[in-house]
Amino acid sequence: MSPLAQGATAAEPSARSAVAAPPANPCEQGYHKLTIVVTTDERNVADGDRLWDSHRACMKRSHKAFLVTYALAKGPERADPLDPASAPTGRTVYALDECYRTSADIGRHWKKAAAEWKDFHAIVAWMRRPHTQVVTLHDGTVRGSLR
């Protein structure tokens, strides 16, 4: 049974727990999120890694004035999405999370990315490959933030 189904509330301690806590989360309640989750087959991972590296470089170069936070996570898809101990499926999940102060900043992001990022159309085509699923939260309002 998955830890979520069992009502687990905390993960096992890790070696990283001894490291000093990161700074407070600057993505505050009321800010706006762009979140994209892509699940894809192993044959698409090398291209995905290259495209996401290109994306990060573009964001770092061109979004300093209005991007609050940026994070891209990558890991194995699990057979049971509610059980972190379940077997991997062989597919990979990328989870992109960007935080902006306003909805207008998200619109600004899309315009700049489409105009200035050389791989914009390539990543869209990559996300449309067979056996690839994409879920996007285009403008989610932060309902709660732990600081």
Exercise for review: Calculate, to the nearest 0.5 Å, the distance between atoms CD and OG1 belonging to Q29 and T141 respectively.
Suggested key: 10.0 Å
Exercise for review: Side-chain contact test, heavy atoms from C-beta onward, threshold under 4.5 Å: evaluate it for N44 versus T132 and give yes or no.
Suggested key: yes
Review point. Salt bridge check: are D49 and K74 linked by an N-O gap of less than 4.0 Å?
Key: yes
Practice item. Examine distances only and state if a side-chain atom of D83 and a backbone atom of A85 form a donor-acceptor pair shorter than 3.5 Å. Key: yes
Point to revise | Spatial distance of atom OG (S54) from atom CE (M59) [nearest 0.5 Å] | key: 11.5 Å
Exercise for review: List the atom of P76, the atom of P88, and the distance in Å for their closest heavy-atom pair.
Suggested key: CB-CB, 4.2 Å
**Study point:** Set of salt bridge (charged side-chain N to carboxylate O under 4.0 Å, His left out) partners for K60, sequence neighbours left out
**Key:** none
Check your understanding: Between R78 and D80, is the closest basic N to carboxylate O distance under 4.0 Å?
Key -> no
Review point. Do the non-hydrogen side-chain atoms of R50 and D119 ever get within less than 4.5 Å of each other?
Key: yes
Exercise for review: Starting from the C-alpha separation in whole Å, work towards a yes-or-no answer on side-chain contact (heavy atoms from CB on, under 4.5 Å) for L67 and H109.
Suggested key: CA-CA 8 Å; L67 178 67; H109 156 72; over 6 Å; no
Check your understanding: Which pair of non-hydrogen atoms, one from A122 and one from L51, has the smallest distance, and what is that distance?
Key -> CB-CD2, 3.8 Å
Exercise for review: Treating Ile, Leu, Val, Met, Phe, Trp and Tyr as nodes and any side-chain heavy-atom pair under 4.5 angstrom as an edge, say whether F66 and Y31 lie in one connected cluster.
Suggested key: no
Check your understanding: Do E42 and T92 touch side chain to side chain, with heavy atoms closer than 4.5 Å?
Key -> yes
Review point. Side-chain contact, heavy-atom cut-off 4.5 Å: T136 with L34?
Key: yes
Check your understanding: Do H63 and R108 come close enough that some side-chain heavy atom pair is under 4.5 Å?
Key -> no
Point to revise | Distance (rounded to the nearest 0.5 Å) between I36 CD1 and L72 CG | key: 10.0 Å
Practice item. Please round to the nearest 0.5 Å and tell me the distance separating atom SG of C58 and atom NZ of K118. Key: 9.5 Å
Review point. With hydrophobic residues grouped by side-chain heavy-atom distances under 4.5 Å, do V124 and Y94 end up in a single group?
Key: yes
Exercise for review: Say whether E98 and Y100, considering side chains only, have a donor N or O and an acceptor N or O under 3.5 Å apart.
Suggested key: yes
Review point. Under 3.5 Å, is there a donor-acceptor pair between the side chain of S145 and the main chain of C27?
Key: yes
Check your understanding: So how far is it from R101 CZ to I106 CD1, rounded to the nearest 0.5 Å?
Key -> 12.5 Å
Point to revise | hydrophobic_cluster_shared for W110 and W126, side chain cutoff 4.5 Å | key: yes
Check your understanding: Are side-chain N/O atoms of T89 and E77 paired as donor and acceptor at under 3.5 Å?
Key -> yes
Check your understanding: Apart from V37 itself, which Ile, Leu, Val, Met, Phe, Trp or Tyr residues share its cluster (side-chain heavy atoms under 4.5 Å, direct or through members)?
Key -> V93
**Study point:** Side-chain H-bond candidate by donor/acceptor type, Y70 with D97, under 3.5 Å
**Key:** no
Point to revise | Neighbour count >12 (heavy atoms, 6.0 Å) for atom CZ, R56 | key: no
**Study point:** Any side-chain heavy-atom pair of Q133 and V38 under 4.5 Å
**Key:** no
Point to revise | Electrostatic pair R129-D47, nearest N-O below 4.0 angstrom | key: yes
**Study point:** Residue pair S62 / E116: nearest heavy atoms and the distance that separates them
**Key:** CB-OE1, 3.5 Å
